[in-house]
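Here is how names work: the chains are called A, B, and so on, in the same order as the sequence lines, proteins then strands, and each is numbered from 1. Side chains included, hydrogens not; waters and symmetry mates left out as well; all remaining heavy atoms used.
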Protein chains: 2
Amino acid sequence: MKTVSFEDLQKELKNRNINLSYQRLKILQYLTNSQIHPTVDQIFTDLHKDIPTLSKTTVYNTLKLLVQSDLAKVLTIEDNETRYDINIENHGHFKCESCGEIYDFTIDLDSIANKELKNFKINDKKVYFKGICPRCLN
Amino acid sequence: MKTVSFEDLQKELKNRNINLSYQRLKILQYLTNSQIHPTVDQIFTDLHKDIPTLSKTTVYNTLKLLVQSDLAKVLTIEDNETRYDINIENHGHFKCESCGEIYDFTIDLDSIANKELKNFKINDKKVYFKGICPRCLN
DNA sequence: TAATCATATTGTAATGATTACAACTCTGTA
DNA sequence: TACAGAGTTGTAATCATTACAATATGATTA
Ligand SMILES: [Mn+2]
Ligand SMILES: [Mn+2]
Ligand SMILES: [Zn+2]
Ligand SMILES: [Zn+2]
C-alpha cells in the first residue's frame, strides 16, 4: 500500500492553488502521521492541545477542502462516526467490533468490478469489513 | 439475489419472540415492498399517510430491533444518510451521484476475502460503489 | 511602508438526525 | 374488573455538522 509523502501532499496543494496555512499544515501533518483514520473530534482534540485557538469549524473546512481536492477520503464504516483517510490508494478497511481499531488491508478492487455494472460509470469503491481483530481474539 | 418472503420474515420474528404489532407489520411490509433502501424519514413520511398516529420513534425502534435480530442491514453509503435494507443476502450497492438511486449488484464476497485478514474473525462485509448510472449517462 | 483586498479562521447560532424518557395505550390473564 | 407487560407516542435532550458574520492574516499594490 503506497503512502504519499507529506512533501507530495504540499505540492498537490500548491498545484490546486490551495494556500498552506498553519492550521492546514497541522491538520495535514496529523493525518499523515496518525494511522488511525481519525474523526473530526479526534483531530480537533489532539491538535487543540498544541493550538489552543484552533476552531472545530476550521477542521471541518479543511477536511472538506482535502476531500474535494481528492487528497483525502471519507470513511463511513459506522453511521455515527465519520472518519478521514489521507491514504487515497484503493484499499479496504476492517473495523474491530471489540476494540474499535481500524485496519487497512489491500484489495484488488478491479477484480470485484461486476458485469451487472458494465454500463455504469464507477467513480469510487469502498469496502468495509467488521469483526474481531487477532489481538481481541486472544 | 435471493429475496426472503414476507411470510418467512414473520416466522423469523416469531422465532425470536418478537410480537408483530400493527406498526411493525406496516414497517416490515414497507421494507419488503420498496426496493429503494429507504431512510427513516422516507419510511416515516410514507407510512404516516396511512397511519397518522405513527411516531418516528417507533420507526427508529423497529428498525433497531430488525437490525439487532439480523433481519435487516444498515447501509452507510453517505455519512449523512442512514438507509436500511431488508435483503440481508450479501450483495453490493451502487449509488448514482446524479439521481441518487441505489442499485443492488451481486458480488462474491468470499472471493474478496484477504490473506492479510486470515487471523481476523469477519462478521460483516460491505461493498459500496459510487458513480453515474446508465440512465443518467444518456 | 501603508493601504487595500482576498482568503482563512474563529465563535456562535442554527439545523437535522438520533436517542432518552416518561406518559399513555393496548392486549391478554387472573 | 384489575393488573402486568409490551409497544407506542410526543417531547425534550444530545450530538454532529453547517451557516454565518466578525475578525485576523497574508499577499499585493501604490
Ligand atoms: Mn485506510
Ligand atoms: Mn440492497
Ligand atoms: Zn480488536
Ligand atoms: Zn442516476
Does the pair [X]/[Y] count as a salt bridge with the N-to-O cut at 4.0 Å?
X: B/Lys95; Y: B/Glu78; value: yes
X: B/Lys118; Y: B/Glu116; value: no
X: B/Lys121; Y: A/Glu97; value: no
X: B/Lys126; Y: B/Asp124; value: yes

A/Phe120 and B/Tyr103 aromatic centres sub-6.0 Å: yes

[X] has an atom [atom1]; how far is it from atom [atom2] of [N], in whole Å?
X: B/Ile18; N: D/dA6; atom1: CD1; atom2: C1'; value: 13 Å
X: A/Leu63; N: C/dA8; atom1: CG; atom2: P; value: 15 Å
X: B/Tyr60; N: D/dG10; atom1: OH; atom2: P; value: 15 Å
X: A/Leu65; N: C/dT7; atom1: CG; atom2: C1'; value: 12 Å
X: A/Asn19; N: C/dA6; atom1: CG; atom2: C1'; value: 10 Å
X: B/Lys26; N: D/dG7; atom1: NZ; atom2: C1'; value: 18 Å
X: A/Tyr84; N: D/dA16; atom1: OH; atom2: P; value: 13 Å
X: A/Leu20; N: D/dT25; atom1: CG; atom2: C1'; value: 14 Å

Table of protein N/O atoms under 3.5 Å from nucleotides 27-29 of chain C N/O atoms:
none

Distance-only polar pair, side chains of A/His37 and A/Asn87, donor-acceptor under 3.5 Å: no

Return yes if some donor-acceptor pair links the side-chain N/O of B/Tyr128 with the main-chain N/O of A/Val127 below 3.5 Å, else return no. no

If hydrophobic clusters are built by linking Ile, Leu, Val, Met, Phe, Trp and Tyr wherever their side-chain heavy atoms come under 4.5 Å apart, do A/Leu66 and A/Leu47 end up in the same one? yes

Which nucleotide, in any strand shown, forms a Watson-Crick or G-U wobble pair with D/dA30, with both distances under 3.5 Å? C/dT1

Does CZ belonging to A/Arg135 count more than 12 external heavy atoms closer than 6.0 Å? no

Letter per nucleotide, 5' to 3', of nucleotides 9-16 of chain C [B base touched, S only sugar-phosphate touched, - untouched; heavy atoms, 4.0 Å]: SBBB----

